[in-house]
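Shown next, in structure tokens, is the structure this report addresses.
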Protein chains: 2
Amino acid sequence: MADHTADITDNGLESSARNRVLDTATKLFYAEGVHAVGVDRIIAEAGVAKATFYKYFQAKDTLVRAYVQNQSRLGRAAIDRIGKRPARDMILAIFDLVADAAAQPGYRGCPFLNAAAEYPDPGHPVRQAIGEHRRWKHDLLRSLLAADGNPNPETTADILTVAGDGLLIASHLDKPANLRQLIRETVLKILETSAGR
Amino acid sequence: MADHTADITDNGLESSARNRVLDTATKLFYAEGVHAVGVDRIIAEAGVAKATFYKYFQAKDTLVRAYVQNQSRLGRAAIDRIGKRPARDMILAIFDLVADAAAQPGYRGCPFLNAAAEYPDPGHPVRQAIGEHRRWKHDLLRSLLAADGNPNPETTADILTVAGDGLLIASHLDKPANLRQLIRETVLKILETSAGR
DNA sequence: TGTCTACTAGACAAACCTGTCTGTATGCCG
DNA sequence: CGGCATACAGACAGGTTTGTCTAGTAGACA
């Protein structure tokens, strides 16, 4: 079939087979859900033997955690690609990424919210990895708000997080026609009302 | 074990066995997720034979759709229990329900968002049932906003929906200490900024 | 008493799941 | 050339999944 040379995950350090597994899992888990995709399917589409799979991932849940961390890495990379801007522009650009993602063909909502829904136990490694990403994003917003001169960066970051999650849900389940405008107005309103106090 | 006389679902018209299945499924699906709970487990805990199950539900997906509709019914009942109040108080009381639910022991977030995460196909009956509930809630908010004299009930209902979903996520994944206050401030701010224009 | 209905119990098929195992092939390094 | 690491192919075990099927039981009603 296709040659497996282009690895999204490639960092020059890890095995190509491992990367092929993680890339395939990232695609399938996001598109169809974690519990809906079996190990057999992943190794078949990745062109990898079962023994190799279990060499790099002790169990399926280990791969799921790696999947979440990979999604986190991809998300951070998307933000890095924005480049340096004034704090306020940065915040707006980050929220614009939601609209960008929603416009893509295979969009299926937020990978972290979707994965969390499949793991009831908050103490599970997968949930913890999700929590780490959420904390990272919250902290990023807080520091950007502080740099923007916001008097209450912590509380405003809470509100921006709520808005961000709500917008991700809306972009997935409701697909509003004016999503880009809704995002911009929502964020600007939060920034204005929290700044002027 | 326990006698199965108290049926949350009971409406005096439907079979007791059917209700026992639906109640058990409602409990298990919400607590552990849809794909994580099998038919065998449901019929065992409901004390119902397999044949009876498949008499009332042609397939598992049929039960899942009924589960979503049952959750919708329970949600509407909770709102009915608030009683008649002025429109603005009504909106605030509806959002307070999120905090009430989050304070309950087995809370695991919004059943509709969790279920939607497990069904990638937007055309699937389960997703459609979820869509119906979301449309119902959106319309309820819109009419309450109109009754409250809001000049832009449609757009404001969009924003309230975004806020509601975000608050549901936060109440589940982040468990903020000041949830009740966060909800109240968020809703009031939306109502103020959307009214004064 | 007989019959009808609703239900229970549980075997069964066929597919799927995760994870372990054996054996083989390929390429690299010395 | 020998030796080693890496990966492939695939059988296998043990358990789970959904859904169908047969056989038997308990209660209501005439």
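Proteins get letters first, then strands, A, B, ... in listed order; numbering begins at 1 in each. All values below come from the heavy atoms of this structure, side chains included, with hydrogens, waters and symmetry mates left out.
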**Prompt:** Taking the nucleotide of DNA chain C with the closest heavy atom to each, which residue, B:Lys55 or A:Ala59, is nearer the 5' end?
**Reply:** B:Lys55
**Message:** With no hydrogens and no angle check, just 3.5 Å: does a side-chain donor-acceptor pair link B:Asp100 and B:Tyr107?
**Reply:** no
**Message:** For a quick test of reading the model: is some side-chain N or O of B:Tyr56 closer than 4.0 Å to OP1 or OP2 of C:dC7?
**Reply:** yes
**Fill in**
Rounded to whole Å, the CZ-C1' distance (A:Phe53 to D:dG10) equals 17 Å
**Fill in**
Winner on side-chain proximity to A:Ala49, out of D:dG19, D:dT22, D:dA9, is D:dA9
**Asked** Nearest to the side chain of B:Ala17 - D:dG10, D:dT18, C:dC7?
**Response** C:dC7
**Prompt:** Are A:Arg134 and B:Asp174 within salt-bridge range, i.e. N to O under 4.0 Å?
**Reply:** yes
**Request:** Indicate yes or no: does A:Arg41 engage A:Glu45 in a salt bridge with an N to O separation below 4.0 Å.
**Result:** yes
**Prompt:** In terms of side-chain heavy atoms of B:Ala51, which of D:dA11, D:dG19, D:dC21 is nearest?
**Reply:** D:dC21
**Item:** Whole angstrom value for the distance that separates C1' of C:dC16 from CG of B:Asp40
**Value:** 14 Å
**Prompt:** Does D:dT6 have OP1 or OP2 sitting under 4.0 Å from an N or O in the side chain of A:Arg20?
**Reply:** no
**Gap between atoms NZ and P, on A:Lys50 and D:dA11 respectively (whole Å)** = 11 Å
**Message:** Under the criterion side-chain hydrogen bond (donor to acceptor under 3.5 Å, both in side chains), I'd like the reasoning laid out for A:Ser194 against A:Asn152: C-alpha separation, chi angles, the key distance, then a yes or no.
**Reply:** CA-CA 7 Å; A:Ser194 65; A:Asn152 256 337; over 6 Å; no
**Asked** Quick one: do A:Asp158 and A:Arg142 make a salt bridge, cutoff under 4.0 Å?
**Response** no
**Prompt:** So, B:Phe29 versus B:His35, ring centres under 6.0 angstrom or not?
**Reply:** no
**Request:** Give the rounded distance in Å between these two atoms: NZ of B:Lys60 and C1' of D:dG19.
**Result:** 13 Å
**Asked** Can we say B:Asp40 and B:Lys50 salt-bridge, meaning some charged N sits less than 4.0 Å from an Asp/Glu carboxylate O?
**Response** yes
**Prompt:** When the distance from CG of B:Leu63 to C1' of D:dT17 is rounded to whole Å, what number comes out?
**Reply:** 15 Å
**Message:** Output the rounded distance in Å from CZ (A:Phe57) to P (C:dT20).
**Reply:** 15 Å
**Fill in**
Between CZ of A:Arg18 and P of D:dA7 the distance, given in whole Å, is 11 Å
**Any B:Thr52 side-chain N or O less than 4.0 Å from OP1/OP2 of C:dT8** = yes
**Request:** Determine to 10° how strongly the helix from C:dT1-D:dA30 to C:dG30-D:dC1 is bent, judged from the axes of its five-pair ends.
**Result:** 10°
**Item:** Rounded interatomic separation in angstrom, taking OH from A:Tyr54 and C1' from D:dC12
**Value:** 14 Å
